[in-house]
Amino acid sequence: MSSFRRDFITKPIFSWARGVLPSMSDTEREALEAGDVWWDADLFAGNPDWSKLLNQAPATLTAEEKAFLNGPVDELCVMLDDWKINWEWRDLPPEVWDFIKQKKFFGMIIPKEHGGLGFSPYAHSEVVRKLSSRSLAAAVTVMVPNSLGPGELLMRFGTKEQQARWLPRLADGRDIPCFGLTSPEAGSDAASMIDSGVICKGTFEGREVLGLRLNWHKRYITLGPVATLLGLAFKAYDPDHLAGNVDELGITVALIPTDLPGVSIGHRHLPAMQVFQNGPNWGKDVFIPMDYIIGGQTRLGQGWKMLMTALAAGRGISLPSLSAAGAAYAARTTGAYARIREQFGISIGKFEGIEEPLARIAGTAYLLDGARRLTCAALNEGRHPAVISGIMKLQATERMRIAIDDAMDIHGGKAVIDGPQNYLGSLYRSVPVGITVEGANILTRNLIVFGQGAIRAHPYLLQEMNALGEQDHAKGLDAFDDAFWKHVGHSVVTLFRAFGRSWTGGMFAPAPDAGEATGFYRQLSRYSSAFALCADMALLTLGGALKRKEMLSARFGDILSELYLLSAALKRWQDEGRQAADFAALEWCMASGFRTIESRFAEILANLPNRFVAVILKFVVQPFGARVLGPSDRVVHECAQLVLEPSAARDRLTPDLSHVDDDRGVARLEKAFLLVTGTEEVSKRMRAAHLHDWQEAVKRGVITQAEGEQLKAAHEAVAGVIEVDDFAPESLSPIYKKPADVHSFFQELGEQRAAS
């Protein structure tokens with residue numbers, strides 16, 4: 001029976017599919033093969049096993065990692081003056097560079113046997129999180145060597161000799177690393193780079209060896225201006241067949257000491273006024289021996305796969321950590337500012353127009369940190385979830401952008417006027433950097449999240465593609481027959497599952513017993529089955545053309561992203577003991593995410609080219625249209641309240657940020673916040689008595705002398721927070737030498753204009 005099916009039913013389908021299957025470039029194939037799948041596979045299958053998620057061990061820190069966070073990391077935070085770093089020194093001061101090297105911040109991920117700290121991905125994430133809330137320049141400086149770069153690549157792919165030679169030097173800061181991938185010709189499209197390495201014989205350290213002669217131009221390279229060891233991506237060529245029979249070997253990565261002849265380190269870029277070290281570099285006829293290729297000669301041409309494998313982990317740590325910290329920082333500072341700032345005689349936090357963005361900031365902070373922790377839990381176990389890492393980088397940086405914009409709007413002029421008292425300006429300016437690096441978000445959203453996820457995380461699609469690409473026709477047909485009919489069975493089951501769950505509103509969809517949150521699991525089970533069905537139908541009707549339907553792909557990617565992020569929020573709720581006080585944040589996340597999911601389904605069904613299939617799908621998965629409108633006014637109000645009052649809930653929402661008592665910026669804000677909330681009852685009694693002068697209130701016996709002095713301290717603290725910086729003209733511009741010159745300068749300028 002199976003042979004009849006294969007020969008008479010499957011075989012024509014197999015032949016047709018081989019003819020229409022689009023060609024896949026080497027870089028696409030290597031990107032697909034990099035990393036692995038995890039919870040994303042459950043979501044793509046349409047019937048997530050919630051016990052698998054809830055049984056996942058939370059990410060935790062060892063005693064040594066906690067000691068590092070509470071010791072060297074806190075010490076480093078005290079040393080950092082973000083205003084001076086950005087506007088006076090334009091760099092980290094020498095003592096900070098020395099401290100970072102001495103305490104092995106550059107070697108957090110390097111194993112102890114090679115002189116590093118041997119920390120987990122979660123510890124790496126926590127360090128970046130805390131530093132990000134104090135100085136972005138310091139955070140970026142620390143995170144880059146521990147993310148995509150020579151250290152990660154050496155640990156995963158280097159030879160034992162390379163590891164023994166280079167890792168100890170990277171760990172203790174004798175060498176500062178950078179990685180050169182982006183060039184003027186190739187940004188997101190690394191395959192189009194023209195940087196080259198030609199295999200030839202040359203003289204190196206007094207002896208003739210086989211090696212490569214390199215020529216390159218790289219830019220946007222973080223730590224590039226100060227790096228002593230450059231990890232370089234280039235295309236390798238072997239025209240004389242000195243290493244084999246292939247002329248074009250493909251992308252390769254190698255280690256380049258920056259003091260080699262022919263290496264030129266350029267001046268600094270200034271990325272969005274951020275002063276972490278970043279700049280271009282060049283190489284002209286730079287000769288390196290074969291053993292400078294990471295992994296040795298056998299790794300020629302394997303560079304893209306190596307990079308994608310490393311990125312599958314690193315992209316899920318650094319920028320998501322920075323983004324989650326940014327959202328939590330915005331929640332803590334904006335909640336405090338909205339509480340102490342009064343307009344029209346009341347705290348602006350009581351205005352519903354302020355509550356809405358404030359709830360969005362608080363909900364985003366809850367969501368992103370839950371997703372960060374869940375992703376780190378997977379990474380701690382040695383997983384490299386490539387699709388999830390892409391989701392995290394994309395969604396974390398995009399949502400940070402929204403949170404910071406909201407924070408700026410609520411702060412108004414306080415956050416617009418720059419100076420030492422402005423605790424948001426630097427973070428606001430840094431947002432485009434996170435959006436752009438490690439893969440532009442537009443590309444990630446439109447091509448990668450669903451494009452890679454559909455192949456990697458789908459239970460059968462990759463098996464079918466591999467079978468179609470099999471050179472042995474008979475072997476490929478057998479493999480395709482097995483995978484294809486399993487796929488058909490899966491699709492039929494998914495069809496009925498999606499139909500039942502959609503028409504009942506998810507009432508009977510599987511969910512764990514999770515108290516108040518049980519209904520949220522049911523809805524995610526419902527949406528997961530609808531997603532799996534719609535994705536299958538889109539792939540069936542569009543085939544390889546779906547890759548070119550970027551807007552459809554982006555909408556599918558948005559749904560997959562929401563499914564993952566909302567799963568992470570539920571996991572956080574569970575791991576933190578189902579805190580009743582935090583439920584409003586969870587409700588906000590769910591309502592906002594469900595609205596996005598239903599909107600994207602509606603957009604997909606409205607734009608799917610095959611209208612017959614679109615009508616059927618709408619009947620099955622969205623019979624009543626997109627019905628979720630987002631968080632209710634009650635949820636918005638309760639979520640906003642989480643950051644407007646001192647509480648354990650506020651601390652859980654904004655944990656592990658840097659708190660330095662320097663009587664500036666955030667420190668002033670926190671003091672004023674505690675004073676204002678601590679004197680609220682006193683203020684109420686004064687308002688009830690229609691009094692504004694605390695001394696008069698004391699005379700009339702409305703409040704005590706001690707209460708009056710507390711109120712005075714609160715008013716003075718608020719005035720100190722509301723205050724913004726101003727500068728003498730000569731301190732901002734070399735045009736002026738002293739204050740009197742301002743008037744004479746403009747007077748002279750006016751006379752010159754009148755004369756002309």
Side-chain angles (χ1 to χ4, degrees), residues 23-34 149-150 153-154 156-159 161-162 165-166 178-219 221 224 227 229-266 280-310 469 471:
S23 60
M24 187 180 298
S25 69
D26 290 339
T27 52
E28 286 179 309
R29 183 171 296 279
E30 288 170 352
L32 285 172
E33 292 173 352
L153 291 168
L154 280 167
R156 292 184 60 80
F157 304 106
T159 65
E161 294 77 11
Q162 289 172 338
R165 176 179 180 181
W166 296 109
C178 69
F179 193 84
L181 175 60
T182 305
S183 59
E185 300 80 13
S188 297
D189 180 14
S192 64
M193 71 171 68
I194 62 173
D195 309 297
S196 65
V198 178
I199 296 177
C200 61
K201 291 185 178 180
T203 301
F204 190 81
E205 295 180 349
R207 57 191 177 91
E208 186 179 73
V209 297
L210 184 66
L212 298 108
R213 192 163 302 281
L214 302 167
N215 286 276
W216 76 84
H217 175 194
K218 301 293 186 181
R219 64 178 181 177
I221 310 305
L229 185 65
L230 165 66
L232 183 72
F234 58 91
K235 287 185 176 178
Y237 300 90
D238 188 11
D240 298 326
H241 296 172
L242 297 175
N245 298 319
V246 180
D247 290 345
E248 298 184 13
L249 298 167
I251 295 174
T252 301
V253 291
L255 296 171
I256 316 294
T258 57
D259 59 359
L260 288 181
V263 177
S264 298
I265 300 297
N281 60 70
W282 300 264
K284 183 172 177 57
D285 294 331
V286 178
F287 183 80
I288 61 168
M290 282 293 191
D291 60 8
Y292 275 32
I293 297 171
I294 296 179
Q297 186 172 332
T298 58
R299 291 287 184 180
L300 275 167
Q302 298 183 25
W304 188 242
K305 185 175 182 179
M306 293 161 63
L307 290 171
M308 290 299 97
T309 301
Q471 296 297 315

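A quick note: this is a predicted structure, and the numbers were derived from the prediction, not measured.
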So do [Y] and [X] actually touch side chain to side chain, heavy atoms under 4.5 Å?
X: Leu214; Y: Phe234; result: yes
X: Phe287; Y: Leu260; result: no
X: Leu307; Y: Leu153; result: yes
X: Leu255; Y: Pro150; result: yes
X: Phe179; Y: Val253; result: yes
X: Met193; Y: Lys235; result: yes

How many angstroms lie between atom [atom1] of [X] and atom [atom2] of [Y], to the nearest 0.5 angstrom?
X: Thr182; Y: Ile221; atom1: OG1; atom2: CD1; value: 5.5 Å
X: Ile194; Y: Trp216; atom1: CD1; atom2: CH2; value: 14.0 Å
X: Leu212; Y: Gln297; atom1: CG; atom2: CD; value: 8.5 Å
X: Ser196; Y: Asn215; atom1: OG; atom2: CG; value: 5.0 Å
X: Ser264; Y: Lys284; atom1: OG; atom2: NZ; value: 10.0 Å
X: Leu229; Y: Trp166; atom1: CG; atom2: CH2; value: 5.0 Å

Quick one: closest heavy-atom pair of [X] and [Y], and the distance?
X: Val286; Y: Pro261; answer: CG2-O, 3.6 Å
X: Ile294; Y: Met306; answer: O-CE, 3.6 Å
X: Leu230; Y: Cys178; answer: CD1-SG, 3.4 Å
X: Ala236; Y: Thr252; answer: CB-OG1, 3.5 Å

* To do: For Phe204, enumerate each residue passing the ring-ring contact (aromatic ring centres under 6.0 Å, His included) test, keeping only those at least two apart in sequence or located in another chain.
  =>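 Residues passing ring-ring contact (aromatic ring centres under 6.0 Å, His included) with Phe204: Tyr292.
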So, the side chain of [X] versus the backbone of [Y]: is there a donor-acceptor pair under 3.5 Å, distance only?
X: Asp238; Y: Ile199; result: no
X: Lys218; Y: Leu181; result: yes
X: Thr159; Y: Gly296; result: no
X: Gln162; Y: Asp291; result: yes

* Go through the side-chain N and O atoms of Gln302 and Arg299 and say whether any donor and acceptor fall under 3.5 Å apart. =>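 The criterion, which ignores hydrogens and geometry beyond distance, is satisfied for Arg299 and Gln302.
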* Just by distance, with hydrogens left out, do Asp247 and His241 show a side-chain donor and acceptor under 3.5 Å apart? ->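 Distance-only check passes for Asp247 and His241.
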* Asked: Asp259 and Val263: side-chain contact (heavy atoms from CB on, under 4.5 Å), yes or no, with the steps?
  -> CA-CA 7 Å; Asp259 59 359; Val263 177; over 6 Å; no
* Asked: Is there a side-chain contact (heavy atoms from CB on, under 4.5 Å) between His217 and Ser183 once you walk through the steps?
  -> CA-CA 6 Å; His217 175 194; Ser183 59; 5.6 Å; no
* To do: Decide side-chain contact (heavy atoms from CB on, under 4.5 Å) for Arg213 and Ile288; before the verdict, give the C-alpha distance in whole Å, the side-chain angles of both, and the deciding distance to 0.1 Å.
  => CA-CA 7 Å; Arg213 192 163 302 281; Ile288 61 168; over 6 Å; no
* Above 12 or not: heavy atoms from other molecules or residues under 6.0 Å from CG of Leu242? ->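 Result for CG/Leu242: enclosed.
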* Between Asp195 and Trp282, does a side-chain contact (heavy atoms from CB on, under 4.5 Å) hold up when you go through it step by step? -> CA-CA 10 Å; Asp195 309 297; Trp282 300 264; over 6 Å; no
